[in-house]
Number of protein chains: 2
Amino acid sequence: MTSAREVAQRAGVSVSTVSRALQSPERVSAVTRERVVRAARELGYRPDPVAQGLRLGRTRALGLLVPDFENPFFASVTKGVQARARAAGYAVFVADSDEDGVAEPDLVAGLAERVDGLVLASPRSTDRVVLGAVGDVPTVLVSREMPGLPSVSADDGDGMAQALGHLHALGHRRVAVATGPESSWSGARRLAGAAQAAERFGVEVVELGSFAPHFSGGLVVADHVVASGASALVAFNDLMALGVLDRLAARGVRVPQDVSVVGFDDVGVATLVSPALTTVRQPLARLGRTAVDLLLARVEGTSAEPTGRPQDEVVRLPVELVSRASTGVVREAGLPVPGASEVHS
Amino acid sequence: MTSAREVAQRAGVSVSTVSRALQSPERVSAVTRERVVRAARELGYRPDPVAQGLRLGRTRALGLLVPDFENPFFASVTKGVQARARAAGYAVFVADSDEDGVAEPDLVAGLAERVDGLVLASPRSTDRVVLGAVGDVPTVLVSREMPGLPSVSADDGDGMAQALGHLHALGHRRVAVATGPESSWSGARRLAGAAQAAERFGVEVVELGSFAPHFSGGLVVADHVVASGASALVAFNDLMALGVLDRLAARGVRVPQDVSVVGFDDVGVATLVSPALTTVRQPLARLGRTAVDLLLARVEGTSAEPTGRPQDEVVRLPVELVSRASTGVVREAGLPVPGASEVHS
DNA sequence: ATGAAAGCGCTAACAG
DNA sequence: CTGTTAGCGCTTTCAT
């Protein structure tokens with residue numbers, strides 16, 4: 001690592017001039033600036049970001065916390081955060097809580113002391129714990145809203161409404177809904193959306209409860225669906241829906257003839273299974289990018305916006321129901337008219 | 001952020017005593033240590049890692065570069081790196097090159113100046129470029145070997161041998177192999193392994209060429225397989241294999257009756273498709289964990305090992321062929337005996 | 001326009 | 001055992 005002193009020596013100037021020539025070129029004569037720049041280039045000099053960070057109090061680093069990298073939803077969010085941060089000249093620290101809410105405060109605190117801003121994706125802790133852990137570090141939430149913190153999430157309630165509307169139009173009148181982690185904010189939002197939409201469309205919603213947001217959780221959910229007598233299911237996410245599909249097939253329950261299945265997220269695998277999964281598409285990478293935009297607005301001085309945005313801005317990105325075979329029209333059998341509506345109601 | 005000075009004041013000692021009491025408790029009297037520790041706890045003091053980094057020349061941060069977070073292979077590696085680094089008290093910077101080898105040197109350089117060590121997963125650049133970019137920062141490679149740098153990768157050659165052995169045992173005599181990015185080191189290794197195994201088993205290997213390591217690449221590969229007259233395919237990775245499966249199904253080519261398909265990696269989705277994918281399982285998270293172990297041995301002083309390990313240690317983790325339906329025995333039809341062997345050879 | 005000096009928060013060498 | 005001093009690499013007054 002070459003330091004500013006070596007550059008100064010080579011250019012025959014002082015270290016402060018080196019700093020100035022590089023940071024505020026206009027405050028230095030053209031000729032010395034040229035000399036400094038050349039010396040710097042020849043030595044491959046790059047100011048040490050750690051030292052800069054110490055002096056300026058800004059590290060030009062952002063922190064990202066996710067519950068699980070192996071969940072494609074968060075992989076995409078990570079990608080989005082990463083891309084936008086880099087474009088703005090920020091490095092990104094990451095931490096994976098392994099879906100363990102208890103570990104979150106420590107992880108957040110560990111990140112917080114090294115970064116200028118924090119992105120927390122679907123934190124599982126309570127509002128109070130999250131607020132305590134971030135302290136006074138600028139923070140943006142993803143897929144979670146909470147008073148006092150800006151956030152960007154998909155419109156979960158609307159997504160659920162679209163899903164139920166779709167199922168209703170296909171003739172379903174009794175629909176099961178499986179939730180993810182108890183502590184999932186978006187899960188709660190969807191349940192609320194489901195209740196509203198249920199009334200609007202006149203469908204009965206059966207809450208199956210809370211399950212692991214993975215393939216394995218779906219295996220369990222599938223049996224509940226069958227037992228519930230519902231003719232359709234909306235799963236917490238695509239991974240869970242895939243587990244449902246698998247178990248249903250194993251039990252000889254046909255999809256969509258006997259039961260229709262809707263996922264959430266539209267991660268890549270949704271199209272790779274058979275039948276392809278109908279799902280509520282979230283703008284995955286955009287969640288991450290938007291979060292960084294919000295964060296940098298705060299980190300780099302609120303003065304950018306003349307009128308000043310509200311302290312905790314809440315962004316809701318639109319979602320889109322993507323209809324595929326798992327709720328589709330079955331050629332040979334015609335529209336799957338659920339027998340459930342005859343049995344119940 | 002509370003600083004050491006405030007703790008010192010509250011405890012009635014000097015800042016150096018605060019530092020000592022926390023870093024080397026035995027060099028401080030029991031009573032003052034107690035006072036300092038209590039003051040620190042009361043103020044919620046945590047030494048600023050940035051300042052520590054500047055002073056000590058160690059940031060207690062590691063850098064990780066991957067070609068694509070959304071590729072589940074790298075998501076798992078990231079998870080492994082993350083977990084091990086955290087356990088050792090290191091934070092992790094990440095960067096995603098988007099499979100763009102040209103961007104790599106800049107990304108690596110950007111990471112290098114902030115970290116104590118680097119993990120480079122499947123870097124796409126040439127040896128010279130990689131070595132230049134890392135400079136003198138301790139570095140470990142994942143899924144890539146190169147003179148001068150330690151590395152941990154799966155035994156790709158053996159994996160390919162297991163795949164071909166399996167296919168040979170099932171009666172296949174003409175097997176297509178599709179590679180990933182030209183610059184992929186493991187792809188080259190597998191081709192080499194294929195050549196060896198081909199001779200050993202007496203199977204003919206048809207090299208289809210280089211394709212995108214995604215689902216979309218597989219769609220293209222499928223047509224090549226059919227055109228090649230091979231009765232089986234080994235794809236570069238599971239994602240590609242899934243694309244092949246999809247396209248084959250669309251063309252009415254049955255798997256495994258008409259063509260058998262083998263993937264690589266055993267990422268989660270391999271079991272979610274129908275037919276389930278036979279694949280060469282890599283110890284994904286372990287790749288990441290082992291890389292960090294190697295790295296920390298270097299970063300924290302080679303003296304840990306009495307005799308001193310070789311400067312560039314090369315670790316090859318074993319792989320395991322997992323046989324599933326995509327090469328499986330077909331109940332109704334018996335063993336899929338490829339017609340290819342009658343047509344050719 | 002430039003250099004000297006101060007200091008970000010911390011730790012290590014050196015006295016005492 | 002503890003306080004004082006110095007300095008990591010950088011930016012920023014403050015003089016000149």
Side-chain angles (χ1 to χ4, degrees), chain A residues 1-37 39-40 43-61 89 91 110 112-116 135-137, chain B residues 1-37 39-40 43-61 89 91 110 112-116 135-137 300-301:
Chain A
M1 284 284 91
T2 58
S3 79
R5 212 166 48 198
E6 308 174 47
V7 177
Q9 244 153 15
R10 188 177 241 266
V13 297
S14 74
V15 287
S16 25
T17 302
V18 171
S19 174
R20 267 191 294 253
L22 267 30
Q23 306 304 324
S24 14
E26 73 283 359
R27 303 171 42 87
V28 134
S29 84
V31 42
T32 46
R33 170 179 32 202
E34 184 49 42
R35 282 237 304 277
V36 170
V37 168
L43 294 172
Y45 169 73
R46 306 186 50 167
D48 181 336
V50 176
Q52 269 181 325
L54 182 59
R55 179 67 240 245
L56 301 174
R58 301 179 314 124
T59 58
R60 292 198 79 80
E113 54 194 3
R114 296 170 167 269
V115 302
D116 296 339
D136 49 10
V137 179
Chain B
M1 283 285 91
T2 59
S3 79
R5 213 166 47 198
E6 310 174 46
V7 177
Q9 244 153 15
R10 188 178 240 268
V13 297
S14 75
V15 287
S16 30
T17 302
V18 171
S19 174
R20 266 189 297 251
L22 267 30
Q23 306 305 324
S24 16
E26 73 283 359
R27 302 172 42 89
V28 136
S29 83
V31 43
T32 46
R33 171 180 31 196
E34 185 47 42
R35 281 239 303 278
V36 170
V37 168
L43 295 172
Y45 169 73
R46 307 187 49 167
D48 180 339
V50 177
Q52 270 180 325
L54 182 59
R55 179 68 241 242
L56 301 175
R58 302 178 313 125
T59 58
R60 292 198 80 81
E113 55 193 4
R114 296 170 167 268
V115 301
D116 296 339
D136 48 10
V137 179
E300 308 201 316

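Lettering of chains follows the sequences in order, A, B, ..., and the numbering in each one begins at 1.
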On DNA chain D, reading 5' to 3', which nucleotide is the first and which the last to sit with an atom under 4.0 Å from a heavy atom of chain A, could you check?
D:dG9 to D:dT13
For A:Glu6, what residues pass the side-chain contact (heavy atoms from CB on, under 4.5 Å) criterion, not counting sequence neighbours?
A:Thr2, A:Ser3, A:Leu43
Less than 4.5 Å apart, side chain to side chain, heavy atoms only: is that true for A:Val36 and A:Arg33?
no
Checking side-chain polar atoms at under 3.5 Å, does A:Ser16 have a donor or acceptor matched by the opposite partner on A:Ser19?
no
Closest heavy-atom pair and its distance - A:Val115, A:Thr59:
CA-OG1, 3.5 Å
Contact class for A:Leu54 vs. all strands (heavy atom < 4.0 Å): base, sugar-phosphate, or nothing?
base
Distance, nearest 0.5 Å, that separates CG of A:Asp136 from CE of B:Met1
6.5 Å
Any side-chain N or O of B:Gln52 below 4.0 angstrom from OP1/OP2 of C:dG9?
no
Evaluate the side-chain proximity of B:Arg114 to A:Arg60: yes if any heavy-atom separation is below 4.5 Å, no if none is.
yes
Bend angle of the helix from C:dA1-D:dT16 to C:dG16-D:dC1, from helix axes over five pairs at each end, nearest 10°
50°
Here the distance between atom C1' of C:dA1 and atom CZ of A:Arg35, to the nearest Å, is 13 Å
Restricting to non-hydrogen atoms, name the atom on B:Asp116 and the atom on B:Arg58 that form the minimum distance, rounded to 0.1 Å.
OD1-CA, 3.3 Å
Minimum-distance pair of heavy atoms, taken over all atoms of A:Arg5 and A:Val15:
CA-CG1, 3.6 Å
Name all pairs fulfilling the salt bridge (charged side-chain N to carboxylate O under 4.0 Å, His left out) condition that reach into residues 8-18 of chain A, sequence neighbours left out, sorted by first residue then second.
A:Arg10-A:Glu42
Pairs: protein N or O with nucleotides 2-6 of chain C N or O, under 3.5 Å:
unit_1 : atom_1 : unit_2  : atom_2 : d
C:dT2  : OP1    : A:Ser29 : OG     : 3.1
C:dT2  : OP1    : A:Thr32 : OG1    : 3.1
C:dT2  : OP2    : A:Ser29 : N      : 2.8
C:dT2  : OP2    : A:Ser29 : OG     : 3.4
C:dT2  : OP2    : A:Thr32 : OG1    : 2.8
C:dG3  : OP2    : A:Ser14 : N      : 3.0
C:dG3  : OP2    : A:Ser14 : OG     : 3.1
C:dG3  : OP2    : A:Thr17 : OG1    : 2.4
C:dG3  : N7     : A:Arg20 : NH2    : 2.9
C:dG3  : O6     : A:Arg20 : NH1    : 3.3
C:dA4  : N6     : A:Ser16 : OG     : 3.2

Output a table of donor-acceptor pairs, distance under 3.5 Å, between side-chain atoms of residues 47-57 of chain B and any protein atom two or more places apart or on a different chain; print 'none' if there are none.
unit_1  : atom_1 : unit_2  : atom_2 : d
B:Asp48 : OD1    : B:Val50 : N      : 2.7
B:Asp48 : OD1    : B:Ala51 : N      : 3.4

